[in-house]
Amino acid sequence: MKNSHCSSLLLVCSVLVLCLVTGDARCDKLSSNFYAWTCPRVYNIVQQHVYSAMREELRMGASLLRLHFHDCFVNGCDGSILLDGADGEKFALPNMNSVRGYEVIDAIKADLENMCPGVVSCADVVALAAGYGVLFSGGPYYNVLLGRRDGLKANQSGAGNGLPSPFEPISSIVKKFADVGLDTKDVVVLSGAHTIGRARCVLFSDRLASTKSSENPTLDATMAASLQMLCTGGDGNQTTALDVSSADVFDKQYYHNLLSKKGLLTSDQGLFSADEDVVVSTTKALVQTYSDDGEQFLSDFGASMLKMGSIPLPAGSAGEIRCNCRVPNPK
């Protein structure tokens, strides 16, 4: 990719003039047709790459969805998780050896730079890729809004402290969601993304009993025994499906699992089985609702994804359109 492309095209310049002179709404608001003039094939390119990646590895749909989630929760949806460097977000504890899909984003961006240089942000590529990851896993189509700008720097400490942890109580997770403008319903709905994907033993081995007397009352005994066999003697990096019933299909089965004490992570099962309080009574009722009504879950999931995808950059952060998603543009 040539950096000169980012400033050389007349089309890009004209759009920038349009923004500055007319205050065109596309310049400061997300919309579904943001690239209608400047890069109309963006949807096709992203779709083709995600489809190809998922044909090679079906799990990639879940990985791209998680990449978007972990990007948006730190400084808003600004593509900062993609930045390389020792101080990058990708090297924060919640992301190391965990978040995947960077190469898919690189391939998409390379094609976009060849077709419409300096136009489509890396943050938008991540958002669109996540949407197609959901769709190709059998989940809902939701109208991904576009027009984000890329952050100029990563926030490793923000990723370490701001991302919800699978070990946290539900009340703490609700607080972290509230910090970025999301509510308790969004916690339950977006947790339903765990209907696809996998998790490492290190993220749930604390739930496994070492003796009969220490069995976890919130974990199905047969499932616990199976997980114990998987994880014993390993380095913690063995993986298993987050949804034991339908691992690669985006459906309501995740919520059925919670009713049967078959949620894999503490943060999953806690939505239904944690000690009762006002927060958990709310999450428990929602789990029951979505276990009964899969269509409602799919509809609400799309709405919550739009909310999450609209988490803004911090005030005063102008951002840029990166030419290479891994590094800021040269000054």
Side-chain angles (χ1 to χ4, degrees), residues 6-7 9-47 64-65 67-82 105 108-109 112-113 115-135 140-153 155 158 177-183 185-186 189-190 299-323 325 328-329:
C6 291
S7 57
L9 285 188
L10 179 60
L11 179 58
V12 178
C13 293
S14 8
V15 170
L16 290 175
V17 169
L18 180 69
C19 290
L20 293 172
V21 175
T22 70
D24 192 281
R26 294 172 305 148
C27 306
D28 54 18
K29 292 181 181 179
L30 302 182
S31 69
S32 58
N33 62 351
F34 189 84
Y35 297 112
W37 296 351
T38 55
C39 196
R41 289 201 60 220
V42 60
Y43 289 98
N44 303 89
I45 292 172
V46 177
Q47 179 179 346
L64 292 169
L65 175 56
L67 182 64
H68 183 39
F69 182 97
H70 281 228
D71 182 36
C72 289
F73 262 70
V74 183
N75 287 357
C77 309
D78 66 346
S80 57
I81 194 171
L82 305 173
I105 302 301
I108 295 170
K109 181 62 172 174
L112 288 170
E113 285 299 301
M115 180 165 293
C116 34
V119 173
V120 181
S121 69
C122 299
D124 277 348
V125 172
V126 172
L128 264 181
Y132 283 121
V134 171
L135 182 64
Y141 171 80
Y142 56 92
N143 201 9
V144 178
L145 302 182
L146 303 172
R148 299 167 188 81
R149 295 181 66 79
D150 297 320
L152 302 178
K153 60 182 180 179
N155 183 356
F177 270 64
D179 288 343
V180 296
L182 302 177
D183 58 27
K185 180 179 179 181
D186 297 315
V189 173
L190 294 175
S299 173
D300 288 351
F301 185 83
S304 287
M305 285 297 292
L306 290 179
K307 283 180 67 177
M308 187 189 77
S310 300
I311 297 173
L313 275 64
S317 301
E320 64 180 7
I321 306 300
R322 262 181 249 144
C323 298
C325 291
N329 294 336

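Note that the structure is predicted; figures quoted are calculated from it, not measured. Just the heavy atoms: all of them, side chains too, but no hydrogens, waters or symmetry mates, feed the values below.
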Practice item. Would you check if the side chain of R322 reaches a backbone N or O of G79 as a donor-acceptor pair within less than 3.5 Å? Key: yes

Practice item. Provide the closest heavy-atom pair for V144 versus G131 in the form atom of the first, atom of the second, distance. Key: CG2-CA, 4.3 Å

Practice item. Specify the closest pair of heavy atoms between F34 and K29, including all atoms of both residues, with the distance to one decimal. Key: CD1-O, 4.1 Å

Check your understanding: Taking the inter-plane angle between the rings of F177 and F69 on a 0 to 90° scale, is it parallel (under 30°), tilted (30 to 60°) or perpendicular (over 60°)?
Key -> tilted

Exercise for review: Calculate, to the nearest 0.5 Å, the distance between atoms CG and CD1 belonging to N75 and I81 respectively.
Suggested key: 11.5 Å

Review point. Roughly how far apart are F73 CZ and I311 CD1, rounded to 0.5 Å?
Key: 5.5 Å

Exercise for review: Return yes when atom NZ of K307 has more than 12 non-hydrogen atoms of other residues, nucleotides or ligands closer than 6.0 Å, and no otherwise.
Suggested key: yes

Check your understanding: Does P328 reach the side chain of K153, with side-chain heavy atoms less than 4.5 Å apart?
Key -> no

Review point. Less than 4.5 Å apart, any side-chain heavy atom of L146 and any of L128?
Key: yes

Point to revise | Backbone N/O of S121 and side chain of R149: donor-acceptor pair under 3.5 Å | key: no

Check your understanding: If you take all heavy atoms of I108 and A129, which pair is closest and at what distance?
Key -> CD1-CB, 4.4 Å

**Study point:** Shortest non-hydrogen contact from Y35 toward G147
**Key:** OH-N, 4.4 Å

Point to revise | Contact check, side chains of E113 and V120, non-hydrogen atoms, under 4.5 Å | key: no

Practice item. Run through L182, D71, D186 and flag the one making a side-chain contact (heavy atoms from CB on, under 4.5 Å) with M308. Key: L182

Review point. Which pair of heavy atoms, one from F301 and one from V189, lies closest together, and at what distance?
Key: CA-CG1, 3.3 Å

Revision key, fill the gap. Between R148 and L30 the two heavy atoms that sit nearest each other are N-CD2, 3.6 Å

Check your understanding: Looking at side-chain heavy atoms only, is the closest gap between L152 and D78 below 4.5 Å?
Key -> no

Point to revise | L82 and K109, any side-chain heavy atoms less than 4.5 Å apart | key: no

Review point. How long is the gap from OG on S32 to CG on L306, to the nearest 0.5 Å?
Key: 10.0 Å

Check your understanding: Would a distance-only check, ignoring hydrogens and angles, find a side-chain to backbone donor-acceptor pair under 3.5 Å from N329 to C323?
Key -> yes

Review point. Any sub-3.5 Å donor-acceptor pair from D150's side-chain atoms to A123's backbone N or O?
Key: yes

Practice item. Could you check if a side-chain atom of L112 sits within less than 4.5 angstrom of a side-chain atom of C39, using non-hydrogen atoms only? Key: yes

